[in-house]
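What follows is a short report on a single structure.
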Amino acid sequence: MSLHTFAWILPLVFLLYQIVIDFLDLYPFNDINSRDKRLRKFEVLGNYPPLIIIAACF
């Protein structure tokens, strides 16, 4: 795998990780039901666009 491909895939892997952490209830690790919905929305809007932009730029 070339470095160019790796640089394109790695932000997408981080994005997938963020989606799993933010939207799947993995109770011992994250309790998404107890978190404030406004905070979750802020986290989504703050974390996802940079990863998508980084992947698109590569």
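- Screening residues 2-15 for side-chain hydrogen bond (donor to acceptor under 3.5 Å, both in side chains), with sequence neighbours left out, gives Ser2-Thr5.
- Identified under the side-chain hydrogen bond (donor to acceptor under 3.5 Å, both in side chains) test for residues 43-58, with sequence neighbours left out: Asp22-Tyr48, Arg35-Glu43.
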Extract all donor-acceptor atom pairs below 3.5 Å that involve side chains of residues 9-18 and protein atoms in other chains or at least two apart in sequence.
none

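- Tracing side-chain contacts under 4.5 Å through hydrophobic residues (I, L, V, M, F, W, Y), one never reaches Ile53 starting from Ile19; they form parts of separate clusters.
- Scored by the side-chain hydrogen bond (donor to acceptor under 3.5 Å, both in side chains) test, Asp25 finds no partners at all (sequence neighbours excluded).
- Heavy-atom contacts from other residues, nucleotides or ligands closer than 6.0 Å to CG of Leu39 number more than 12.
- Hydrophobic side-chain contacts under 4.5 Å tie Tyr27 to no other Ile, Leu, Val, Met, Phe, Trp or Tyr residue.
- Within the structure, no pair that satisfies the side-chain hydrogen bond (donor to acceptor under 3.5 Å, both in side chains) test touches residues 49-58, not counting sequence neighbours.
- At least one side-chain heavy atom of Phe23 sits under 4.5 Å from a side-chain heavy atom of Arg40.
- The cluster map of Ile, Leu, Val, Met, Phe, Trp and Tyr, joined by side-chain heavy atoms under 4.5 Å apart, puts Val20 and Phe29 in the same cluster.
- Note: Ile21 CD1 to Leu26 CG = 6.0 Å, rounded to the nearest 0.5 Å.
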